[in-house]
Structure formats: C-alpha cells, structure tokens
Amino acid sequence: SSWARSLSVGDSVTCNIDYDRRRPIASNHTMTHVLNFALREVLVKRPTREGKKINLDVDQKGSLVDEFKSRFDFSWNGPLTPEQLRDVEEICRERINNEVPVDAYVAP
C-alpha cells in the first residue's frame, strides 16, 4: 500500500479504531465467553452438582471472532446430546435476553 513504510524506535504513530466494525466484533467476542460458561455449566458443573463424577473439563482450543460470526473450538469426550445442546443454547439466550451486564477489566 502507498502509505506503508518502516517504523523505527521513537517514531510517532497515530492509531484509529473503526468503531462501526469493532462493535459487532466485541459483541461476538463476549459471546465466546458466554458460550464457554454455558458449556462448562451444562457439561461439568451441573453433573457434578447432581453427584456425577466428571473427570474432564471443557477445554477451549481456539476461536475465530469477526464482525459477522463467532466460532468456538473446544474439546470434550464426545458429541453433545440434543438435550445438552438445548441447555447450552438456553443459557446463552437467557444471558442475551436478560441483558446480563458485561464487566471489563485489565487483568494483571
């Protein structure tokens, strides 16, 4: 591109954020956290509360988040049952419909 050039230590730069693009990306990113929460609730925490011994945890393997979609990759010991999938979707919808506040902070 005609504006690209090398940067050196001490150079001054100006950064701009495209907020029209960033807003849906931020929303989709938040939903990866909601989905992770819902998966852990349905697959690990709920069965544990019911007295079932669960030796696994939901392990996030990656995600892709852009302004159009969100993909959440995770490992588990098999496919989700239709009931588990329904419960995960229900938790996610509940968080959206109840407009659960989002906390943002800088982690140490």
Side-chain angles (χ1 to χ4, degrees):
S1 132
S2 61
W3 53 268
R5 67 179 184 89
S6 298
L7 292 175
S8 300
V9 173
D11 283 355
S12 205
V13 297
T14 302
C15 297
N16 295 303
I17 298 171
D18 179 350
Y19 284 103
D20 289 336
R21 180 173 180 263
R22 178 73 187 117
R23 266 188 286 294
I25 293 171
S27 295
N28 286 341
H29 176 253
T30 298
M31 287 312 299
T32 65
H33 293 283
V34 172
L35 179 56
N36 196 8
F37 168 82
L39 287 165
R40 289 175 190 271
E41 177 64 31
V42 170
L43 299 176
V44 179
K45 292 181 181 178
R46 185 180 296 167
T48 301
R49 285 193 301 267
E50 294 170 353
K52 297 175 185 167
K53 184 161 176 66
I54 303 294
N55 293 324
L56 295 172
D57 197 4
V58 174
D59 190 18
Q60 181 177 353
K61 295 297 186 180
S63 65
L64 168 71
V65 178
D66 66 21
E67 64 269 42
F68 305 110
K69 65 188 171 302
S70 180
R71 187 191 74 223
F72 186 83
D73 303 325
F74 68 99
S75 64
W76 184 244
N77 66 346
L80 274 64
T81 67
E83 295 79 20
Q84 289 169 327
L85 183 57
R86 181 199 65 226
D87 290 350
V88 167
E89 290 174 348
E90 185 177 302
I91 290 171
C92 291
R93 281 192 193 97
E94 179 181 274
R95 299 286 173 185
I96 294 167
N97 293 337
N98 291 336
E99 298 179 6
V100 174
V102 175
D103 294 322
Y105 62 93
V106 176

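All residue numbers in this chain count up from 1 along the given sequence. The shown structure was predicted, so the numbers you read here are calculated from the model rather than taken from an experiment.
Between the CG atom of Asp59 and the CG atom of Asp73 there is a distance of 11.5 Å, given to the nearest 0.5 Å. Taking SG from Cys92 and CG from Asn97, the interatomic distance works out to 11.0 Å, rounded to the nearest 0.5 Å. Here the CG atom belonging to Asp18 is positioned 9.0 Å from the CZ atom belonging to Arg23, to the nearest 0.5 angstrom. Distance check, rounded to the nearest 0.5 Å: NE2 of His29 to OG of Ser63 gives 6.5 Å.
Put simply, Val34 and Leu64 are part of two different groups of oily side chains (I, L, V, M, F, W, Y) that touch within less than 4.5 Å, one to the next.
One N or O on the side chain of Asp11 and one on the backbone of Ser8 form a donor-acceptor pair closer than 3.5 Å. Distance alone, capped at 3.5 Å, places no donor-acceptor pair between the Arg40 side chain and the Asp57 backbone. Side-chain N or O atoms of Asn98 include none that pairs as donor or acceptor with a backbone N or O of Val100 at under 3.5 Å.
Of all non-hydrogen atoms in Asn28 and Ser70, the two that sit nearest each other are O-OG, 3.6 Å. Closest heavy-atom contact between Trp76 and Leu56: CZ3-CB, 3.9 Å. The two residues Leu43 and Val58 make their nearest non-hydrogen contact at CD1-CG2, 3.7 Å.
Under the side-chain contact (heavy atoms from CB on, under 4.5 Å) rule, Leu80 has a single partner from Asp87, Val88, Val42, which is Val88.
No side-chain heavy atom of Leu35 sits under 4.5 Å from any side-chain heavy atom of Phe74. In this structure, Thr81 and Gln84 have side chains that are in contact, with non-hydrogen atoms separated by less than 4.5 Å. For the pair Arg93 and Ile96, the minimum side-chain heavy-atom distance is 4.5 Å or more. Here the side chains of Phe72 and Lys61 are not in contact, with every heavy-atom distance at 4.5 Å or above. Val102 is not listed as a side-chain neighbour of His33, based on a closest heavy-atom distance of 4.5 Å or more. Looking at heavy atoms from C-beta onward, Arg71 lies out of side-chain contact with Thr32 at the 4.5 angstrom threshold.
Residues forming a side chain to side chain donor-acceptor pair (under 3.5 Å) with Arg86 (at least two apart in sequence, or on another chain): none. Looking at residues two or more places apart in sequence or on another chain, you find a side chain to side chain contact (heavy atoms under 4.5 Å, CB included) between Ile25 and Arg21, Arg22, Val65, Glu67.
Under a 4.0 Å N-O distance rule, the pair Glu41/Arg49 qualifies as a salt bridge.
Applying the 6.0 Å contact sphere to CD of Glu99 captures no more than 12 heavy atoms from other residues, nucleotides or ligands.
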